[in-house]
Amino acid sequence: MSKDARNGFWRAPIAAKVPEVTAGFWVLKLLTTGMGETTSDFVVHQFDPPLAAAVVGGVFVAALALQVRSARLHFLLYWLVVVLVGIFGTMVADAIHVTAGVPYLVSAPVLALTVLAIFALWRRMEGTLDVATIDTRRREVLYWALVVATFALGTALGDLTASSFGLGYLASALLFVVAIVPPALLYWRGKGVAAFWCAYVLTRPVGASFADWMGVGPERGGLGWGTGPVSLVMGLLIIAVAAMMLLKRRRLMVVEVAG
């Protein structure tokens, strides 16, 4: 393949590949972070952890490849990839701590630096971090690299406050809710890209901490509902919200065509 052909694949314009950032977007983001946390915990306790990670990782890579190769946004495929990022990203963050023995006080700063490095690379290569401009495959690859890194970072931050700092899951969730309010308000008032990404990163520890609190037993400071049932309920909510958003998108498209 020629250099021009490669550049054409990576840099040629494509349709915008990230859904419009609406209230539904944020609801799905929180639900997928929570489901990713509890589903990862459930799977690694039911199956051999390395095998589970390999299978989930393979499915994630396959879904992501389909997403990137597509020339336009496929709404359900996009959110499937986000769900898989939540599960696989949690497995990666937990493996760094449990299997490799790296404390959260180390992994959290390292992952934070990784996120900042991707931000810097994206900004240098494309001149913008606005998700509304995800209209080339190179930008999309940078976007998904950042998404994976932010999920792993959010998992590490949530576990750092809950376990290493001893706050517990509920207190950690409330702490991150307080932290997410300022950037969320700034973004709602149209203050731009930085506010979006701050809120985006913090949705992970918010959703994951609440999910852990609901799923784990009282001996760990949770409600003891079980990681499996919590994952199932969140999965059903994700399907319901995504279906409503998809129907709304299709109605708007019909109205635009008719107009």
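The residues of the chain are indexed from 1 along the displayed sequence. Everything numeric here is computed off the predicted structure, so don't read it as measured data.
Remark: the backbone N or O of G34 is paired with a side-chain donor or acceptor of T38 at under 3.5 angstrom. A donor-acceptor pair is defined here as one N or O able to donate and one able to accept, closer than 3.5 Å; such a pair exists between the side chain of S172 and the backbone of A162. Side-chain N or O atoms of K17 include none that pairs as donor or acceptor with a backbone N or O of T133 at under 3.5 Å. Side chain of R137 to main chain of R69: a donor-acceptor pair is present (N/O by atom type, distance under 3.5 Å, no hydrogens or angles). Using modelled atom types, one side-chain atom of T33 and one backbone atom of L30 make a donor-acceptor pair closer than 3.5 Å. For T161 (side chain) and G158 (main-chain N/O), a donor-acceptor pair under 3.5 Å exists by modelled atom type.
Taking 4.5 Å as the limit, every side-chain heavy atom of V82 sits out of range of all side-chain heavy atoms of L28. Annotation: side chain of W197 is in contact with side chain of L146 (closest heavy-atom distance under 4.5 Å). R139 has its side chain within reach of T136: a pair of non-hydrogen atoms, C-beta onward, lies under 4.5 Å apart. I238 is not listed as a side-chain neighbour of W79, based on a closest heavy-atom distance of 4.5 Å or more. A heavy-atom distance below 4.5 Å is found between the side chains of T155 and D159. Here the side chains of F210 and F176 are not in contact, with every heavy-atom distance at 4.5 Å or above. Contact check for F88 versus F151: no side-chain heavy atoms found under the 4.5 Å cut-off. With contacts defined as side-chain heavy-atom distances shorter than 4.5 Å, the pair E126/L142 qualifies.
No more than 12 heavy-atom neighbours from other residues, nucleotides or ligands sit within 6.0 angstrom of CD on E20. Shown here is F47, whose CZ atom has no more than 12 heavy atoms of other residues, nucleotides or ligands within 6.0 Å. Open room surrounds NE2 on H45; 12 or fewer heavy atoms of other groups in view lie less than 6.0 Å from it.
Side-chain contact annotation: S231 with T39, donor-acceptor N/O pair under 3.5 Å present. Using a 3.5 Å distance cut-off with no hydrogens or angles, the side chains of S40 and T90 do not pair a donor with an acceptor.
At a threshold of 4.5 Å between side-chain heavy atoms, the hydrophobic network of Ile, Leu, Val, Met, Phe, Trp and Tyr places V181 and L157 in two separate groups. I180 and W188 fall into different hydrophobic clusters, where Ile, Leu, Val, Met, Phe, Trp and Tyr are joined by side-chain heavy atoms under 4.5 Å apart, directly or via other members. No continuous path of ILVMFWY side-chain contacts below 4.5 Å connects F165 to V206, so the two sit in separate hydrophobic clusters. Cluster annotation: Y143 and L66 are assigned to the same hydrophobic cluster (Ile/Leu/Val/Met/Phe/Trp/Tyr, side-chain heavy-atom contacts under 4.5 Å, transitive).
Of all heavy-atom pairs between Y104 and P109, the closest is O-CD, 3.8 Å. For V201 against T150, the heavy-atom pair with the smallest separation is CG2-CG2, 3.6 Å. Scanning all heavy atoms of the two residues, the minimum distance from M91 to V43 falls at CE-CG1, 3.9 Å. The nearest pair of heavy atoms linking G224 to P218 is CA-CD, 4.2 Å. Contact record, V85 with V148: CG1-CA, 4.0 Å, taken as the closest heavy-atom pair. In terms of heavy atoms, L237 sits closest to L31 at CB-CD1, 3.9 Å.
Separation of atoms CG (L202) and CG (L175) is listed at 9.5 Å; rounding is to 0.5 Å. Rounded to the nearest 0.5 angstrom, L111 CG and L116 CG are separated by 11.0 Å. Atom CG of L80 is separated from atom OG1 of T32 by 11.0 Å, given to the nearest 0.5 angstrom. In this structure, OG1 on T128 lies 8.0 Å from CH2 on W122, to the nearest 0.5 angstrom. The CG atom of D135 sits 13.0 Å away from atom CG of L73, with the distance rounded to the nearest 0.5 Å. Taking OG from S209 and CE from M214, the interatomic distance works out to 10.5 Å, rounded to the nearest 0.5 Å.
Ring geometry for Y187 against W26 counts as perpendicular: the plane angle is over 60°, on a 0 to 90° scale with 30° as the lower cut.
A ring-centre distance under 6.0 Å is not found for W144 and F60.
Contacts of K29 classified as salt bridge (charged side-chain N to carboxylate O under 4.0 Å, His left out), with partners at least two apart in sequence or in another chain: none.
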